[in-house]
Amino acid sequence: MKIYITDCDHESMDIEKKTFTKEGVDFEILNVTQPEDIIRACHDADALILQYATISDNVLSSLKNLKGVVRYGVGVNTIDIESATKNNVAVCNVPDYGTNEVADHALALIMALARKLPLLIKDTKSNIWAYEKAIPIYRLQEQTAGIIGLGRIGLSLAKKLHGIGLKVIGFDPLAKKEQLPDYIDFVSLDELLAHSDIISLNLPLTKSTENLIDSKEFSKMKSNCYLVNTARGGIVNEEALYQALLNHTIAGAALDVFKQEPPTDRKLFSLDNFIATPHAAWYSEQSQQDLKRKAAEEAIRLAKGEKPLYCLNK
């Protein structure tokens, strides 16, 4: 058995090394992200673990021993899943390593926007003692939060928001109403856009979700609405978001993720009603350790021909 980590920007790989060594698995840690380099370096791979690498049809059809690929994290948009299925290669992720971390981060961004903390903090540090500059601020417990994407993270965030007194509505084309907690009102996307004071995006980036929030969707939102995206860049059209914030079509937005990271187009950062964090929502010391261990364990299962825990193309 041979497992390759194609690429990873983590400071230490000790957890992966320890996990592989314990199981007696041959492994190699590389720094390759392009298909042609992966084919050359990983020709005898039974399993791959990747962070940013592109796993194309050419890779999947060329690596004859390959049984599966595992992505550090949740999103698998750099992997050709259709080709993987055709080539009998399992595509796996690690969906449960940072559920609470991402939900907590989204909640923190919601609080920061709703209480206008960036403005108040900046002014106070500049010796401007005036809450009036933040007017209007609305009572959270009289607002409606809309959750788009009701998977692990969306449900975790919904529970937290309900716990502090917000009304919660949700939309997810894959969810079933009868399987949701009774405190979530299941609505259509248009209803959610029209009635939410806060909208949180908690869904993967796919062909159907790319630019899901565009000019048309912003025009349906309330003028006092705040948008938070801790899911994936590309779900929100960033140019449309810039225009919506510039024209005060919505009240504000917070992004932890961007289509290009780090972003080179900095227009959004010039706006007072926009805040951002550097794709940090997933992180805690515990979640990082869980991610590394679980990715390595999943790759071992694949290399051994065992059933993976989190296969996306069953």
Side-chain angles (χ1 to χ4, degrees), residues 1-99 101-102 152 204 232 261 279-280 282-314:
M1 293 183 296
K2 187 64 178 284
I3 295 174
Y4 290 90
I5 298 176
T6 62
D7 64 300
C8 184
D9 63 7
H10 299 169
E11 185 175 331
S12 169
M13 303 298 289
D14 289 347
I15 291 175
E16 291 90 333
K17 291 176 183 177
K18 181 179 179 180
T19 305
F20 292 140
T21 302
K22 180 181 178 182
E23 293 294 326
V25 175
D26 189 15
F27 68 95
E28 193 168 339
I29 299 170
L30 307 172
N31 185 25
V32 293
T33 60
Q34 297 307 307
E36 58 273 18
D37 297 324
I38 296 169
I39 292 170
R40 183 171 55 253
C42 308
H43 60 92
D44 58 343
D46 290 286
L48 300 176
I49 304 177
L50 64 116
Q51 187 171 15
Y52 303 114
T54 299
I55 308 300
S56 64
D57 175 68
N58 196 23
V59 171
L60 293 158
S61 58
S62 298
L63 303 186
K64 301 303 182 183
N65 295 338
L66 190 64
K67 301 177 181 68
V69 296
V70 183
R71 167 126 204 297
Y72 282 113
V74 180
V76 292
N77 46 291
T78 63
I79 303 171
D80 187 333
I81 295 181
E82 184 177 344
S83 174
T85 304
K86 179 182 69 177
N87 286 282
N88 200 31
V89 174
V91 177
C92 303
N93 62 356
V94 188
D96 58 351
Y97 73 99
T99 299
E101 282 80 0
V102 179
R152 290 177 178 84
R232 276 290 178 270
E261 294 181 350
H279 203 141
W282 67 276
Y283 171 75
S284 72
E285 285 296 300
Q286 293 84 356
S287 67
Q288 184 181 54
Q289 293 165 12
D290 284 350
L291 171 63
K292 296 164 77 62
R293 176 180 53 80
K294 288 184 176 185
E297 290 172 347
E298 188 78 308
I300 291 169
R301 280 188 286 270
L302 291 167
K304 288 182 174 180
E306 297 174 358
K307 184 178 180 180
L309 292 182
Y310 302 114
C311 184
L312 300 175
N313 57 338
K314 298 178 181 180

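Values below: all heavy atoms of this structure, side chains included; hydrogens, waters and symmetry mates excluded. Along the sequence shown, the residues carry numbers beginning at 1.
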Non-hydrogen side-chain atoms of [X] and [Y] separated by less than 4.5 Å:
X	Y	answer
Lys294	Asp96	yes
Thr6	Val32	yes
Ile79	Leu50	yes
Tyr283	Glu101	no

Short side-chain to backbone donor-acceptor contact, [X] and [Y], under 3.5 Å:
X	Y	value
Glu298	Tyr310	yes
Glu16	Lys292	no
Arg71	Gly75	yes
Thr19	Glu297	no
Thr54	Pro35	no
Asp7	Gln51	yes
Asn313	Val89	yes
Asp46	Ile3	no

Has [X] got more than 12 heavy atoms of other residues, nucleotides or ligands less than 6.0 Å from its [atom1]?
X	atom1	result
Lys304	NZ	yes
Asn31	CG	no
Glu261	CD	yes
Asp44	CG	yes

Rounded to the nearest 0.5 Å, how far apart are [atom1] of [X] and [atom2] of [Y]?
X	Y	atom1	atom2	answer
Cys8	Ile29	SG	CD1	8.5 Å
Tyr52	Thr78	OH	OG1	10.5 Å
Ile5	Met13	CD1	CE	3.5 Å
Asp14	Lys17	CG	NZ	6.0 Å
Leu66	Asn87	CG	CG	9.0 Å
Leu60	Ile39	CG	CD1	9.0 Å

Check your understanding: Under 30°, 30 to 60°, or over 60°: which ring-plane class applies to His10 and Trp282, parallel, tilted or perpendicular?
Key -> parallel

Kindly give the heavy-atom pair with the smallest separation between [X] and [Y], and that separation in Å.
X	Y	answer
Thr21	Phe27	OG1-CE2, 4.0 Å
Tyr4	Lys2	OH-NZ, 3.2 Å
Ser287	Ser284	OG-N, 2.8 Å
Val76	Cys92	CG1-O, 4.3 Å
Ser62	Asn58	OG-O, 2.6 Å
Val91	Ala84	CG2-CB, 3.4 Å

